[in-house]
Student: 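Supplied in structure tokens, the structure appears directly below.
From a predicted model like this one, the values you see are computed outputs, not experimental measurements. All values below were derived from every heavy atom in this structure, side-chain atoms included, with hydrogens, water molecules and symmetry-related copies excluded.
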Amino acid sequence: MNKNPITLKEDYKVEEAKELMLKKQIECIPVLGSGNRIVSAIWWHDIFDKKTKSKKKINLPVVLMAGGEGTRLSPFTKVLPKPLMLIGEKPISEIIMERFSEYDCRLFYMSVNYKSNIIKAYFDDFKHPYKINYINEKKPLGTAGCLSLLKNKIKTTFFVSNCDIVIEADFSDIISFHKQNRNQITLVGSMKHYTIPYGICKTGKDGKLNVIEEKPEYDYLVNTGMYVLEPSVFKFVPNGKAFHMTDLINSCMTTGKNVGVYPISEKSWIDIGQLEELKNTLKRFSMD
């Protein structure tokens, strides 16, 4: 618990928020209403250009999960693998690497399986400022199974990212959060607001209506698909078997290891994993 949090009142001025964020180098400030209740939050992304904040160099390896078939983006992925889906003028996997390169993270391990030859051919065809080591999955190993192939290759803190997301956040601050809390795994979580467009019926015995709630709204902190891991977690990953990140997280938690969540705003998370999200992303990039 933080007994002296940094906050703003509902009638705050944008310049006041900017000054606080720059002075404290923080991503988010809660906004308080009457009775000091949290009514909203203002994020760095809301008031600053994404290039305003200086980037601290962290120089850590990055594992990109690029082996899936991308069935939710079918029929596009029947021709082009998901890591090469174009967002603007570049494939999303290249955009992800460029984001990490801004923090001096230039060593990438790319887990590949589906249409791997096309992915390799694309990156082998031009010069880029980062090194890519391909991790070939002979069979799909799930969202964390390929880590078993990296047990003797990575010996420091490292990132893991899905290849269908772009995170607009301070990666160095994510690492600081991870280290300060002594986490073995840190998930990057995004706030998501959902409105159910119908009246929700809550029933009791014999189908009797207790209450009807009209168009309820919910807020959730959801997993974006980016993680920070310590090399000590490799011991939980079985060799040659399908294993998911949720399995790895559960293994760490059941053995008493720290697993944390670093929150970002909804605007800081770009996800192209589904057709509707891909359409929204293309619209967003066309307006930038």
Side-chain angles (χ1 to χ4, degrees), residues 1-62 95-96 98-105 156-162 165-194 217-230 249 258-271 284 288:
M1 183 182 71
N2 183 359
K3 293 183 178 181
N4 300 294
I6 299 169
T7 61
L8 290 166
K9 295 294 185 181
E10 280 186 287
D11 59 351
Y12 72 88
K13 300 287 192 300
V14 173
E15 290 304 317
E16 179 186 2
K18 285 184 176 181
E19 183 179 351
L20 264 178
M21 286 184 171
L22 287 170
K23 182 179 180 182
K24 302 293 185 178
Q25 285 290 291
I26 52 178
E27 297 281 340
C28 177
I29 302 177
V31 179
L32 306 182
S34 60
N36 285 334
R37 292 183 305 106
I38 297 179
V39 294
S40 65
I42 184 168
W43 298 78
W44 182 282
H45 190 281
D46 296 328
I47 58 175
F48 284 111
D49 179 89
K50 62 186 178 183
K51 295 181 180 179
T52 301
K53 197 172 183 180
S54 60
K55 294 177 172 62
K56 182 180 178 181
K57 305 305 181 184
I58 49 180
N59 190 21
L60 294 174
V62 181
I95 293 172
I96 294 171
E98 288 179 348
R99 293 289 190 275
F100 278 106
S101 293
E102 292 172 2
Y103 293 86
D104 212 25
C105 297
T156 185
T157 303
F158 64 100
F159 284 97
V160 172
S161 176
N162 292 348
I165 63 164
V166 177
I167 300 298
E168 298 284 6
D170 185 343
F171 294 176
S172 63
D173 193 58
I174 296 174
I175 293 298
S176 295
F177 173 88
H178 175 81
K179 294 290 188 182
Q180 288 170 6
N181 290 281
R182 298 180 179 179
N183 293 338
Q184 293 300 297
I185 301 177
T186 295
L187 295 75
V188 177
S190 172
M191 295 301 301
K192 276 284 188 179
H193 182 80
Y194 295 97
E217 298 182 17
Y218 301 96
D219 290 291
Y220 296 102
L221 187 62
V222 301
N223 183 9
T224 64
M226 179 186 282
Y227 313 86
V228 179
L229 286 76
E230 290 299 316
I249 290 168
N258 288 346
V259 177
V261 180
Y262 181 95
I264 62 174
S265 75
E266 187 171 358
K267 293 181 180 179
S268 299
W269 177 30
I270 298 171
D271 176 21
R284 174 173 170 177
D288 285 348

Student: Can you list every pair that meets salt bridge (charged side-chain N to carboxylate O under 4.0 Å, His left out) and has a residue in residues 3-17, with sequence neighbours left out?
Tutor: Glu15-Lys18

Student: From Ser265 OG over to Ile42 CD1, what is the distance, rounded to the nearest 0.5 angstrom?
Tutor: 10.5 Å

Student: How far does OG of Ser176 sit from NE2 of His178, to the nearest 0.5 angstrom?
Tutor: 11.0 Å

Student: Could you work out, with side chain to side chain donor-acceptor pair (under 3.5 Å) as the rule, every residue matching Asn223, not counting sequence neighbours?
Tutor: Tyr227

Student: Nearest heavy-atom pair of Ala169 and Tyr103: which atoms, and what distance?
Tutor: O-OH, 3.3 Å

Student: Do Thr186 and Asn183 meet the criterion of a side-chain donor-acceptor pair at a distance under 3.5 Å?
Tutor: yes

Student: Walk me through it: do Glu168 and Lys267 pass the test salt bridge (charged side-chain N to carboxylate O under 4.0 Å, His left out)?
Tutor: CA-CA 8 Å; Glu168 298 284 6; Lys267 293 181 180 179; over 6 Å; no

Student: Glu217 vs His193, test: side-chain hydrogen bond (donor to acceptor under 3.5 Å, both in side chains). Steps then yes/no.
Tutor: CA-CA 7 Å; Glu217 298 182 17; His193 182 80; 2.9 Å; yes

Student: Would you say the rings of Phe177 and Tyr262 are close, in the sense that their centroids are separated by under 6.0 Å?
Tutor: yes

Student: CG of Leu229 to CG of Leu60: how many Å apart, nearest 0.5 Å?
Tutor: 12.0 Å

Student: Dump the intermediate steps for salt bridge (charged side-chain N to carboxylate O under 4.0 Å, His left out) on Lys57 and Glu102, then the final yes or no.
Tutor: CA-CA 8 Å; Lys57 305 305 181 184; Glu102 292 172 2; over 6 Å; no

Student: Tell me whether the count of non-hydrogen atoms from other residues, nucleotides or ligands lying under 6.0 Å of CD1 in Ile38 goes above 12.
Tutor: no

Student: Backbone N or O of Tyr194 within a donor-acceptor pair of the Asp219 side chain at under 3.5 Å?
Tutor: no

Student: Under a 3.5 Å cutoff, is there a donor and acceptor pairing between the side chains of Thr157 and Lys179?
Tutor: yes

Student: May I ask you to test the Ile165-Met226 pair for a side-chain heavy-atom distance under 4.5 Å?
Tutor: yes

Student: Could you report the tightest heavy-atom contact between Ile58 and Ile175, atom names first, then the distance?
Tutor: CD1-CG1, 4.0 Å

Student: Nearest 0.5 angstrom please: Thr7 OG1 to Leu20 CG, how far?
Tutor: 8.5 Å

Student: Does any non-hydrogen side-chain atom of Ile185 lie less than 4.5 Å from one of Glu230?
Tutor: no

Student: Counting distance only, does the side-chain N/O of Thr224 pair as donor-acceptor with the main-chain N or O of Val188 below 3.5 Å?
Tutor: yes

Student: Could you report the tightest heavy-atom contact between Val39 and Leu32, atom names first, then the distance?
Tutor: CG2-C, 4.2 Å

Student: Can you find a heavy atom in the side chain of Arg99 that is under 4.5 Å from one in the side chain of Ile167?
Tutor: no

Student: Do you know the tightest heavy-atom contact between Trp269 and Val222?
Tutor: CZ3-CG2, 3.5 Å

Student: How close do Phe159 and Cys105 get, heavy atom to heavy atom, and via which atoms?
Tutor: CE1-SG, 4.4 Å

Student: side-chain contact (heavy atoms from CB on, under 4.5 Å) between Tyr12 and Val31: does it pass, once the steps are laid out?
Tutor: CA-CA 8 Å; Tyr12 72 88; Val31 179; 3.9 Å; yes

Student: With a 4.5 Å limit on heavy-atom distance, are the side chains of Leu221 and Val261 in contact?
Tutor: yes

Student: Could you measure the distance from the CG atom of Asn59 to the CG atom of Asp104? Nearest 0.5 Å is fine.
Tutor: 5.0 Å

Student: I'd like to know whether Asn258 forms a side-chain contact (heavy atoms from CB on, under 4.5 Å) with Gln184, so could you lay out the CA-CA distance, the side-chain angles of the two residues, the decisive distance to 0.1 Å, and finally the verdict.
Tutor: CA-CA 6 Å; Asn258 288 346; Gln184 293 300 297; 5.5 Å; no

Student: What pair of heavy atoms forms the shortest contact from Leu8 to Ala17, and how long is it?
Tutor: CD1-CB, 3.7 Å

